[in-house]
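Here is the structure we will look at, set down as C-alpha cells.
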Amino acid sequence: MIDGDGSPVLCQAAIEAREDLIEQLCAMPPIPGALDELIRHFGTDAVAEVTGRTRRIMLDASGRQQIERRTARSNIAEADAFMSGRKAILAFSDAGGTGRSYHADRNCPSAHRRRVHYLLEPGWRASSAIQGLGRSNRTNQVTAPIFRPVTTDCCGERRFISTIARRLDSLGALTRGQRQTGGQNLFDPADNLESDYAKDALGQWYHLLYLGKLTSVSLGEFARMTGLKLLDDEGGGLLETLPPIQRWLNRLLALRIGTQNAIFEEYLALIQARIDAARDAGTLDIGVETIKAERIVQLDEQILRRDPVTGAETRLSRLELHRRPRATSFARLMELWSETDGIAFLKNGRSGRVALRVPSWSILDNEGQSIRVWELIRPAGTERIRHAKLAESNWDIVDAASFEAAWEAECAEIATRVDVQTINIATGLLLPVWNRLPDDDVRVWRISDDVGNSVLGRIVSPSGFEKLSQAFGVTMAISLSAAEIVAAARASDGVAIPGLAGSRLQRSYVNDEARLEIKGFPSEKREWLKSIGCFTEIISYKTRLFVPASRAEQVVSVIGQCAGCA
C-alpha cells in the first residue's frame, strides 16, 4: 500500500515476523560438512581419513577447536590403520581413491570385516565413481562389499542417482561390453529415470494428469508451478510433443518437497509397473546376470553355425546345474523386518509353506488406479504379489510361534537339498545370429561353478526350440524332457510335441478353467491318444483333445516313446 504522500505503508506484523525469522536463523548452529561431522561423531580413533586435505579442524580434550596439520605421509598411515583393523571406518575422497586398495584382502588383518561402502558424494563423472567403487571391490577378497548410495527423503535427489546409474551403465557397456560391470549391480532398473520404461511412464503420467486422475497435483497447478506448456492453444488438448523427461525432472526440483514426493510416488509406480511386466515376460534387459552353481555337467552340445571367415562357432549346449539353495534363518529374518509396519506371518493352507508378508511399492495401472502390492519373503526367495491376488490365495495369517517352527523346519530341509536344473543355452558367437534366436528371453547369463568353469550365453526355453530349428535349418539333436515340455506349455503359447508331428501342447481355458490341450493332433491317432490317458470334449461342434494335468508328464513321455507304433 502507498499513503497520500506516496510512501509505502509497511505491515508491522510482517516486519516483526521477518525479524524473528532472521534472529532464529542467526541463532542456529552452522551445518558442518559431512567429513567433519563423521570425524566429530565417531572420533579420530575410529575414523581413518584419506583425502587431499593438508589441514583440518579438530576438538581438543577441553572441547576447543584447533587446527591439525597433515603431512604427505598421513594418508599412508591412515590407510594402514584401516586395513590392519585399528580403525573401523574409512572416509576417502578422489584424492584417496587412486592407486589404493581398501577391500577385504585375504592377506590383511581386517579381512574378516565385510566392507559396507556408502556412496555419499559420487560427483558427476561416472569414471570417478567407478574409480572409487573399485577401491573396495577387488580380487583376492574374502567377501564382496555392500554398496549403499546415500540420499535424503527428498525424491528430487533421485534425479542425481539416475544420472550416475545411466552413466555407469553406459561406461560399463562401452569399456567391457557389460553394463553391470559399470554399475557394479549397485542400481536397480527403476533407478534409471531416463530409460525407455521411464519415458513411456512419463507419457502415461502426462495423460493421467490431463484426465485429472492423479492425486498429487492438478494440470493447472503443475503448469503454473513448473512453467511447462502442456496444452495446445487451438484445441486445448495435450501437445503432440510434450516436454522431455530431462526438462520435466529439472522443473520438479524447484517444487516444494512434499509436492515432489507425491509426484515421484505416482511416477515411480508407473515405472515399476512396466519393469514388473517386462521382468515377468522375460524381456527386461539388465545386462549379464549370473547363475552360481556348485557343479555344471554338460549333457549334450550341437553346433548351430560356424562363421565362414573366423571359424567361430555358435553352439547349443544342454547343461545340468547342481545348485544348493541358501536359506535365511528366522533370527536374521526378524533382524531385517521386525521393525517394519504391516508385516504378517503367513502359512499356505494347501502346501504348508510359510512366508513373511511385508509392504512393497505400489504400482499404477494405465487408468491411474493405485494397486497395492505385497512382498512374500520365503526362506530361499521372494516374490511380489498383488493385494487382490493374495486375498484370493490359500495364504492365511498364523501366530509367531507356529510360524517360527515352520520356518526353521523349511530352513533345515533346504540345507540338505541340492536342486538339479537342466537348461539349454546358446553360446559362442552370438552377435551375428542375435535376431535369429528366440526372443522370449533376451537376457545374457553367465553360469559359473565352484571350480572356476564359466559359460556365457542366452538361455533357450523349450518353447523356443521350434524357432531355433527353423532359423538354423537343423534337426535338433538335443531332446526335451517331458517335464520341460509340460512346463513350457503352461508358461508360453505352446510347444511342439516330439513324436507327434504337427501338434502342439498349449494352455487353453475352458469355462475359465486352465487346461493342457493338444492342438493339431492327427485324427487317426485320436483313439490311441485316448488310450494313453487323454480325453476329448466336443466344444462348438469341434472335437478337442486334452491332457489331464495330474498325468501330463507321463502322457507326454509315452507319446514321445510310442507314437510311432500306434
Side-chain angles (χ1 to χ4, degrees), residues 14 17-18 20-22 24-25 28 31 33-34 119-124 148-167 187-233 236-275 359-373:
R18 183 193 64 184
D20 181 68
L21 178 60
I22 293 175
Q24 181 181 354
L25 290 175
M28 294 176 63
I31 301 175
L119 190 64
L120 182 58
E121 295 178 356
W124 289 100
R148 291 182 176 171
V150 180
T151 63
T152 67
D153 58 355
C154 175
C155 287
E157 290 195 14
R158 293 288 297 268
R159 172 72 170 90
F160 306 111
I161 293 295
S162 170
T163 301
I164 298 167
R166 175 176 57 83
R167 294 182 179 181
F187 300 102
D188 188 83
D191 289 325
N192 188 351
L193 300 182
E194 300 175 46
S195 64
D196 292 337
Y197 303 112
K199 293 176 182 177
D200 183 63
L202 179 60
Q204 185 63 29
W205 188 89
Y206 280 134
H207 284 84
L208 293 176
L209 178 67
Y210 175 73
L211 296 174
K213 294 186 176 182
L214 298 178
T215 60
S216 60
V217 67
S218 66
L219 177 61
E221 291 174 340
F222 183 78
R224 177 181 57 81
M225 291 186 297
T226 61
L228 292 175
K229 182 179 180 181
L230 304 179
L231 299 179
D232 190 352
D233 293 333
L238 283 175
L239 295 172
E240 290 187 7
T241 304
L242 292 165
I245 192 168
Q246 292 83 359
R247 188 185 307 166
W248 182 80
L249 290 169
N250 289 335
R251 297 295 174 90
L252 286 188
L253 292 176
L255 303 183
R256 293 181 179 273
I257 293 177
T259 306
Q260 282 186 43
N261 293 352
I263 292 175
F264 261 93
E265 184 177 353
E266 294 172 336
Y267 175 55
L268 294 175
L270 288 171
I271 296 177
Q272 195 60 54
R274 283 152 176 77
I275 291 176
S360 186
W361 56 85
S362 301
I363 62 176
L364 287 184
D365 61 16
N366 290 332
E367 298 299 323
Q369 298 296 322
S370 178
I371 300 175
R372 190 174 189 180
V373 180

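No hydrogens, no waters, no symmetry mates; every other heavy atom, side chains included, goes into these values. Here, residue 1 is the first one in the sequence, and each next residue gets the next number.
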Under 3.5 Å, which donor-acceptor pairs link side chains of residues 258-269 to any protein atom two or more places apart or in another chain?
| unit_1 | atom_1 | unit_2 | atom_2 | d |
| --- | --- | --- | --- | --- |
| Gln260 | OE1 | Gly156 | N | 3.1 |
| Gln260 | NE2 | Leu252 | O | 3.3 |
| Gln260 | NE2 | Leu253 | O | 3.4 |
| Gln260 | NE2 | Leu255 | O | 2.9 |
| Asn261 | OD1 | Cys155 | N | 2.9 |
| Asn261 | ND2 | Asp153 | O | 3.3 |
| Glu266 | OE1 | Ser216 | OG | 2.6 |
| Glu266 | OE2 | Thr215 | N | 3.0 |
| Glu266 | OE2 | Thr215 | OG1 | 3.0 |
| Glu266 | OE2 | Ser216 | N | 3.2 |
| Tyr267 | OH | Ala198 | O | 3.1 |

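Annotation: side chain of Arg18 is not in contact with side chain of Leu21 (no heavy-atom distance under 4.5 Å). Val373 is not listed as a side-chain neighbour of Gln272, based on a closest heavy-atom distance of 4.5 Å or more. Residues Tyr197 and Leu270 have side chains not in contact (no heavy-atom distance under 4.5 Å, counting atoms from C-beta outward). When side chains are defined from C-beta on, Gln204 counts as touching Arg274, because their heavy atoms get closer than 4.5 Å. Side chains of Leu238 and Leu209 form no contact here, defined as non-hydrogen atoms less than 4.5 Å apart.
In this structure, the separation between CE on Met225 and OG on Ser218 is 7.5 Å, given to the nearest 0.5 Å.
A search for salt bridge (Lys or Arg N to Asp or Glu O under 4.0 Å) contacts involving Lys229 returns Asp233, not counting sequence neighbours.
Closest approach of Pro243 to Leu202, counting heavy atoms only: O-CD2, 4.1 Å.
Residue Ile31 places its CD1 atom among 12 or fewer non-hydrogen atoms of other residues, nucleotides or ligands, all under 6.0 Å distant. Annotation: Leu211, atom CG; neighbour count of heavy atoms from other residues, nucleotides and ligands within 6.0 Å is above 12.
Checked against the 6.0 Å centroid threshold, Phe222 and Trp205 count as a close aromatic pair.
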Given Leu230 and Tyr210, is the side-chain contact (heavy atoms from CB on, under 4.5 Å) satisfied, shown in steps?
-> CA-CA 9 Å; Leu230 304 179; Tyr210 175 73; over 6 Å; no
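Tyr206 places no side-chain N or O within 3.5 Å of a backbone atom of Leu239 that could act as its donor or acceptor partner.
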